[in-house]
Protein chains: 2
Amino acid sequence: MGIIRKTKSVTTVLQIFEEKQEAKSVVNLIEIVKDKMNKTTVYRILDRLEQDGIIHSFNGKDGLKWYAKCKGCSASHHSDKHPHFQCTECNKVECLSVEIKIPSIKNHIVDSTDILLTGQCEVCSA
Amino acid sequence: MGIIRKTKSVTTVLQIFEEKQEAKSVVNLIEIVKDKMNKTTVYRILDRLEQDGIIHSFNGKDGLKWYAKCKGCSASHHSDKHPHFQCTECNKVECLSVEIKIPSIKNHIVDSTDILLTGQCEVCSA
DNA sequence: CTACTTTCGCGACTGAGTTGCATTAACAAT
DNA sequence: ATTGTTAATGCAACTCAGTCGCGAAAGTAG
Ligand SMILES: [Mn+2]
Ligand SMILES: [Mn+2]
Ligand SMILES: [Zn+2]
Ligand SMILES: [Zn+2]
């Protein structure tokens, strides 16, 4: 169980994800809202939003934690298996809608698949 | 240019990777050799070994940095594009020899592909 | 052995992320 | 609208992986 009360801080963070479809690093989010709330609050809100299947997280190439909006997830079922793309020039991170087939690994049970591609995004490769 | 002098510390670290084919986190390596060398030295040796194409690095699910032996790389060309598998029970990490096809992403140039699978390894799923 | 330069140890530091606790603010009930 | 309950927040202190600067030690060539 994640979000129970719709506080001002929760609304602020949610709006950031609503208005743009791109992923945000926690560090960047903290910077954006630093006049409105404490960094601990940002971490806690992101935690709760993720638990509720509203956003999902992954690690960037830099080792930072990134979050982006989910498309068809709920608190009980997280279905975000898509890869992510981090631009090495502008550092923007996107969720990719491509399907990547993982072959079954002999004698192993695969629970999760994290795929991070890096390179140049549409803007930077043009 | 990485390793220039074969010091005792370098030999010690190299042996760890020689004797077993599995990946090691830096934190674990530091623990293993803590009586023989300083942690800063471990970081620096790993850096140099990677530059020379002797080992390669990647991020674990935990966010820690992991290293494993390379198979056909050199200082000029790193060809480790294989996925990695982290066991959620024993926490062991392996390099996988499977080929995973990444479809071309429209209007993007892909430079690197990091794939991390998690689940149960051969031992833990048996 | 000597001279040169890389490598190392150590201590201090950085920065992302966490924790504990007192205070504030949702919100449901009255 | 007022009150009571407790989730959520702010703040300060903390953790811990990873980095940095610098003097000392050790590898290597001559
Ligand atoms: Mn995504
Ligand atoms: Mn590997
Ligand atoms: Zn870009
Ligand atoms: Zn295992």
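Chain letters run A, B, ... following the sequence lines, proteins first, then strands; residues in each count from 1.
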*Near-strand residues of residues 25-39 of chain A, defined as heavy-atom separation under 4.0 angstrom from DNA chain C*: A:Val26, A:Val27, A:Lys39

*Round to the nearest Å and state the distance from B:Asn59 atom CG to D:dA17 atom P.*
14 Å

*asked:* Going by the rule ring pair (Phe, Tyr, Trp, His ring centres under 6.0 Å), which residues pair with B:Tyr67 if we only count those two or more places apart in sequence or in a different chain?
replied: none

*Look at the side chain of B:Tyr43 and decide which nucleotide, out of C:dC8, D:dG18, C:dT18, has an atom nearest to it.*
D:dG18

Distance-only donor-acceptor hits, side chain of residues 11-28 of chain A, under 3.5 Å, sequence neighbours excluded:
from, atom 1, to, atom 2, distance (Å)
A:Thr11, OG1, A:Thr7, O, 3.0
A:Thr12, OG1, A:Lys8, O, 2.9
A:Glu18, OE1, A:Lys69, NZ, 3.4
A:Ser25, OG, A:Asn28, N, 3.0

*Within 6.0 Å of NZ in A:Lys92, more than 12 heavy atoms from elsewhere*: no

*Looking at C:dC8, C:dA16, D:dT9, which one has an atom nearest to any side-chain atom of A:Leu64?*
C:dA16

*Would you kindly give the CD-to-P distance between A:Gln51 and D:dA8, to the nearest whole Å?*
10 Å

_Approximate separation, where rounding is to 0.5 Å, of A:Gln120 CD and A:Gln86 CD_ = 13.0 Å

*asked:* When you compare the side chains of A:Ser9 and A:Thr41, does any donor N or O come within less than 3.5 Å of an acceptor on the partner?
replied: no

*Going 5' to 3' through nucleotides 19-30 of chain C, assign each nucleotide B (protein heavy atom under 4.0 Å from a base atom), S (under 4.0 Å only from sugar-phosphate atoms) or - (no protein heavy atom that close).*
BB----BBS---

*Between P of C:dT7 and CG of B:Asp47, the distance in whole Å*: 12 Å

*Sorted by first residue and then second, give each ring pair (Phe, Tyr, Trp, His ring centres under 6.0 Å) pair with at least one member in residues 29-49 of chain B; sequence neighbours left out.*
none

_Between P of D:dG10 and CD1 of A:Ile45, the distance in whole Å_ = 8 Å

*Figure out the CG/C1' separation between A:Asp62 and D:dG18, and round it to whole Å.*
14 Å

*Each residue besides B:Ile115 in its hydrophobic cluster should be listed here, by chain and number; the cluster joins Ile, Leu, Val, Met, Phe, Trp and Tyr at side-chain heavy-atom distances under 4.5 Å.*
A:Phe85, A:Leu96, A:Val98, A:Ile100, A:Ile102, A:Ile105, A:Val110, A:Ile115, A:Leu117, B:Phe85, B:Leu96, B:Val98, B:Ile100, B:Ile102, B:Ile105, B:Val110, B:Leu117

*Return the value, rounded to whole Å, for the distance between atom CZ of B:Arg48 and atom C1' of D:dG27.*
12 Å

_Separation between NZ of A:Lys39 and CZ of A:Arg44, rounded to the nearest 0.5 Å_ = 11.5 Å

*Would a distance-only check, ignoring hydrogens and angles, find a side-chain to backbone donor-acceptor pair under 3.5 Å from B:Asp52 to B:Gly2?*
yes

